[in-house]
Amino acid sequence: MKEIELKLQGKIKRLTNKTFKFDERVKEGWFSAVYFLKTREIIKRHKEDNVVTMQFFQKTNAVLCGSDEVIALIKTFAKNPDDLEIHSLKDGDKISPFETVLTIKGPYQNFGYLEGIIDGILARRTSVSTNVYNVVKAARKSGTQKPVIFMGDRDDHFTQQSGDGYAAFIGGSKAQATHAMNEWWGKKGMGTMPHALIQLFQGDVVAAAKAYHETFPEDELQALVDYNNDVITDALKVAREFGHKLKGVRIDTSRTMVDQYFFRNPDVLGSFDPRGVNPELIFALRRALDDEGFHHVKIIATGGFDAKRIEEYESINVPVDIYGVGSSLLKISIGFTGDNVLLNGEHEAKAGRRYRPNPRLEKVE
């Protein structure tokens with residue numbers, strides 16, 4: 001049983017290194033800024049009898065993620081971690097600018113070298129969870145929550161997938177592209193067909209769909225229909241072939257292409273950008289499917305979507321049923337700062353910083 005299941009059942013409060021599987025070189029200082037390592041040695045020699053309070057915050061409205069990971073990091077690599085006093089918010093908590101999300105109290109030399117690593121974990125996880133939260137929020141603007149598939153496998157280094165997938169889960173996306181993205185929170189990756197499959201069938205979408213269905217008959221059949229830059233023609237071909245077995249069609253037209261539909265219907269042009277996936281193309285696709293009785297076929301839209309674009313689509317009721325989003329969800333736009341703000345119980349901090357108590361913090365046992 002994965003730890004996330006135990007946490008959701010209330011049997012444990014936080015995930016541990018059993019989930020995160022940290023690189024053991026953290027303990028050697030391999031990933032810490034050298035000035036933190038030098039500071040640790042200086043303090044051991046000159047100021048060993050100290051108790052500092054280190055405080056962490058960021059500067060925007062966000063959805064916190066990474067707190068379990070950070071606490072597991074401290075418990076794994078700090079010296080005498082059980083002697084430290086840690087207070088923290090939880091993954092999924094909504095946070096405000098300058099709100100304290102974590103405090104660590106104890107001898108600096110026992111944990112201070114982890115400061116930069118903690119900042120980095122919180123920055124990446126919170127950026128992704130907040131990006132996903134904003135996209136999921138935009139995808140319900142029409143009044144119906146539409147699923148968002150997290151498709152960030154090609155937009156960053158593959159080693160980031162497990163953490164990014166967990167952050168996306170915290171942000172509200174429960175459909176993700178790879179098994180690794182689901183590793184920390186207990187499910188499997190999902191997906192149907194890429195352009196490569198259709199290419200191997202010489203552009204024959206129906207033949208590719210048949211092969212897919214024969215190989216994975218238990219899957220819901222969703223066909224990718226933009227390979228030939230004629231989404232309506234190919235969507236109807238597949239729908240006529242499979243009928244109610246076809247559950248959805250995905251449109252992923254490149255932003256540098258104009259679909260053949262517009263060349264057949266030039267009278268609709270003139271008031272919008274016809275390139276790539278666009279509202280008019282999706283409206284036309286929905287009408288074509290409905291006109292032939294394929295009301296049950298869902299439309300999945302992918303390619304260049306972010307919260308702003310989804311909100312625009314939802315505000316005019318573009319008939320998208322599912323959004324697939326990738327690169328925009330991985331932008332690191334939130335930075336965290338750790339500061340020593342108390343020394344032996346007294347205020348001592350750089351100019352502009354001060355201890356900010358937060359009654360929402362929970363003591364970590």
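All residue numbers refer to positions in the sequence shown, counting from 1.
We find that Arg356 and Glu99 are not joined by a salt bridge, their nearest charged nitrogen and carboxylate oxygen being 4.0 Å or further apart. Using a cutoff of 4.0 Å between basic side-chain nitrogens and carboxylate oxygens, Lys331 and Asp156 are not scored as salt-bridged. Between Lys7 and Asp68 there is a salt bridge, with a side-chain nitrogen of the basic residue lying less than 4.0 Å from a carboxylate oxygen of the acidic one. Classification of Arg287 and Asp291 as a salt-bridged pair fails, no side-chain N sitting under 4.0 Å from a carboxylate O. Salt-bridge annotation for Glu28 and Arg25: absent, with no side-chain N of the basic residue lying under 4.0 Å from a carboxylate O of the acidic one. A salt bridge between Lys18 and Glu3 is absent, with no side-chain N of the basic residue lying under 4.0 Å from a carboxylate O of the acidic one. In summary, Asp226 and Arg250 do not engage in a salt bridge, as defined by a charged side-chain N under 4.0 Å from a carboxylate O.
For Thr126 (side chain) and Cys65 (main-chain N/O), a donor-acceptor pair under 3.5 Å exists by modelled atom type. Checked by atom type and distance alone, the side chain of Thr233 never pairs as donor or acceptor with a backbone atom of Asp230 at under 3.5 Å. Of the possible donor and acceptor atoms, one in the side chain of Asn50 sits under 3.5 Å from a partner among the backbone N and O of Lys47. Checking side-chain atoms of Asp306 against main-chain N and O of Ser328 turns up no donor-acceptor pair under 3.5 Å. In this structure, Ser142 contributes its side chain and Asn317 its backbone to no donor-acceptor pair below 3.5 Å. Proximity of a side-chain donor or acceptor of Thr103 to a complementary backbone N or O of Gln55 within less than 3.5 Å is not detected.
The ring-ring contact (aromatic ring centres under 6.0 Å, His included) test applied to Phe216 returns Tyr212, not counting sequence neighbours.
Within the cation-pi definition used here (under 6.0 Å to the ring centroid, within 45° of the axis), Arg264 does not qualify as a partner of Tyr261.
Side-chain contact check for Phe262 versus Glu280: some heavy-atom pair is nearer than 4.5 Å.
Note on ring orientation: taking the six-membered ring where Trp is involved, the planes of Phe169 and Trp185 are parallel (angle under 30°, cut-offs 30° and 60°). A perpendicular orientation is assigned to the rings of Phe242 and His213, their planes being inclined by more than 60° (bins at 30° and 60°).
The one candidate from Lys350, Arg353, Arg354 that meets the salt bridge (charged side-chain N to carboxylate O under 4.0 Å, His left out) condition with Asp339 is Arg353. Only one option out of Lys137, Lys146, Arg140 pairs with Glu314 in a salt bridge (charged side-chain N to carboxylate O under 4.0 Å, His left out); it is Lys146.
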task: Evaluate the criterion ring-ring contact (aromatic ring centres under 6.0 Å, His included) for residue pair Phe111 and Phe77; output intermediate values, then yes/no.
output: CA-CA 8 Å; Phe111 70 92; Phe77 297 113; over 10 Å; no

